[in-house]
Amino acid sequence: PSSVMSSAGNGVAQPVGKIPDFDPIHEKACIRFMAYQLGHENDATDVAQISDFQARYREFHEQDTVVYKAYPVESPYGIQGFRSLSPMETTILECPIKSTTRQGLGKDSATGRALVAQLYYADDKQYGIPIESICVRAEDGNVVNIQPIQTRAGKGYRYHIRNIPAGGDFTVQVSFKLNDPNIEVSEKAGLQLDLYLQKIPLLRHTG
């Protein structure tokens, strides 16, 4: 999810809008079940080659099953806050995160899969407000680094989410300040939010 903040002078603050290009990715697929009579099974790893003899049951009728695939965690509403600020004004930004899986996520969950929210200055756009004119603080009040420089640990402010229960929600919250009195009206700055979920090991056939 991405959001853009602009200087509005003494204008009315408005909520940050969701950027359509960063909507959660959902896919729909149909599964059709078919029945086969198999002969002697061999050691092939490909199911299509696992038997020397296969005969399909023509009278087997099963309705197609529709399944939906989604990333196990998503930010359905993007970054929420105010998109129009006056110079030296502060707003609270909230990043709602939702689990779409039946298992807990985070290092302290039963699965132990690490989950990290990464917030940084969106430097891929030509925004008029430089990063030096922005001050972002975590919930504890400490200033955080939002530099978009890639390191081995990631980039920007990385928040480790300890535990989201199955189907649960969590909100990462920071304060955002236009920290320069000379910012001109209608100048803009952008932030980017990424979600990183630890991979799980591939399950292998053990025989």
Side-chain angles (χ1 to χ4, degrees), residues 1-25 71 73-100 105-108 114-164 168-198:
S2 177
S3 68
V4 177
M5 273 61 112
S6 65
S7 175
N10 295 321
V12 179
Q14 299 178 356
V16 171
K18 184 173 66 173
I19 309 299
D21 291 345
F22 294 94
D23 280 353
I25 298 174
Y71 195 62
V73 63
E74 64 187 26
S75 181
Y77 309 112
I79 302 174
Q80 298 181 309
F82 290 107
R83 65 181 181 187
S84 298
L85 300 176
S86 298
M88 306 305 293
E89 190 176 5
T90 301
T91 185
I92 299 298
L93 299 181
E94 293 185 339
C95 308
I97 298 169
K98 179 177 178 58
S99 168
T100 61
L105 300 174
K107 292 188 67 174
D108 293 343
L115 176 61
V116 178
Q118 180 174 271
L119 184 70
Y120 56 93
Y121 183 81
D123 61 341
D124 59 336
K125 307 292 184 181
Q126 296 299 320
Y127 294 123
I129 301 176
I131 191 172
E132 294 78 17
S133 299
I134 298 171
C135 180
V136 176
R137 295 180 182 271
E139 289 186 86
D140 59 9
N142 291 325
V143 176
V144 297
N145 171 32
I146 58 169
Q147 288 284 349
I149 300 174
Q150 185 68 45
T151 67
R152 293 185 63 183
K155 58 182 175 181
Y157 172 51
R158 292 173 59 83
Y159 186 95
H160 290 263
I161 301 169
R162 310 299 300 185
N163 188 4
I164 294 184
D169 301 274
F170 186 86
T171 299
V172 177
Q173 189 177 86
V174 298
S175 68
F176 176 95
K177 181 180 181 181
L178 294 179
N179 203 29
D180 184 348
N182 299 316
I183 293 176
E184 297 183 4
V185 175
S186 298
E187 286 190 311
K188 297 179 180 180
L191 293 179
Q192 176 75 32
L193 174 69
D194 300 335
L195 295 177
Y196 285 88
L197 182 62
Q198 183 183 20

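Note that these values count all heavy atoms, side chains included, but never hydrogens, waters or copies made by symmetry. This structure is a prediction, so every number in the text was calculated from the model and none was measured.
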### Query
Donor-acceptor pair, Arg158 side chain versus Ala117 backbone, under 3.5 Å?
no
### Query
Checking Ser133 side chain against Asp180 main chain: does a donor-acceptor pair fall under 3.5 Å?
no
### Message
For the CG atom of Leu85 and the OG1 atom of Thr91, what is their distance to the nearest 0.5 Å?
### Response
5.5 Å
### Smallest separation among heavy atoms of Ser75 and Pro96, with atom names
OG-O, 2.9 Å
### Message
For the CG atom of Leu193 and the CD atom of Gln118, what is their distance to the nearest 0.5 Å?
### Response
9.0 Å
#### Entry: Any side-chain heavy-atom pair of Val174 and Arg137 under 4.5 Å
no
### Query
How long is the gap from CG on Asp123 to CD on Gln192, to the nearest 0.5 Å?
10.0 Å
### Nearest-0.5 Å distance, OH of residue Tyr77 to NZ of residue Lys98
7.5 Å
### Summary
dist Glu132:CD -> Asn179:CG (nearest 0.5 Å) comes out at 11.5 Å
### Query
Side-chain contact, heavy-atom cut-off 4.5 Å: Thr171 with Ile97?
no
### Query
Could you state the interatomic distance from OG1 (Thr90) to NZ (Lys177), rounded to the nearest 0.5 Å?
5.0 Å
### Message
Can you give me the closest heavy-atom contact between Ala138 and Tyr157, atom names plus distance?
### Response
CB-OH, 3.6 Å
### Task
Keeping the roles fixed (side chain from Glu74, backbone from Ser99), state whether a donor-acceptor pair exists under 3.5 Å.
no
### Message
Between His160 and Val116, is there a side-chain heavy-atom distance shorter than 4.5 Å?
### Response
yes
### Task
Indicate whether the side chain of Asp194 and that of Tyr120 have a donor and an acceptor atom separated by less than 3.5 Å.
yes
### Query
Closest approach of Ile146 and Val136, non-hydrogen atoms and distance?
CD1-CG2, 3.9 Å
### Message
Whether the Glu94 and Gln173 side chains hold a donor-acceptor pair (N or O, under 3.5 Å, no angle test) is what I'd like checked.
### Response
yes
### Query
Are Leu93 and Leu191 close enough that some pair of their side-chain heavy atoms sits under 4.5 Å apart?
yes
### Task
Can you see which heavy atom on Ala189 is nearest to which on Tyr121, and at what distance?
CB-CE1, 4.3 Å
### Message
Could you tell me if the side chain of Ile92 sits less than 4.5 Å from the side chain of Phe176, heavy atoms only?
### Response
no
### Message
How close do Asp169 and Ile164 get, counting heavy atoms only, and between which atoms?
### Response
N-CG2, 4.2 Å
### Query
With side chains defined as the heavy atoms from C-beta onward, is the minimum distance between Thr100 and Val73 less than 4.5 Å?
no
### Task
Decide yes or no for Asn163 and Leu105: does some side-chain heavy atom of the first lie under 4.5 Å from some side-chain heavy atom of the second?
no
### Query
Shortest non-hydrogen contact from Glu139 to Tyr159?
OE2-OH, 4.5 Å
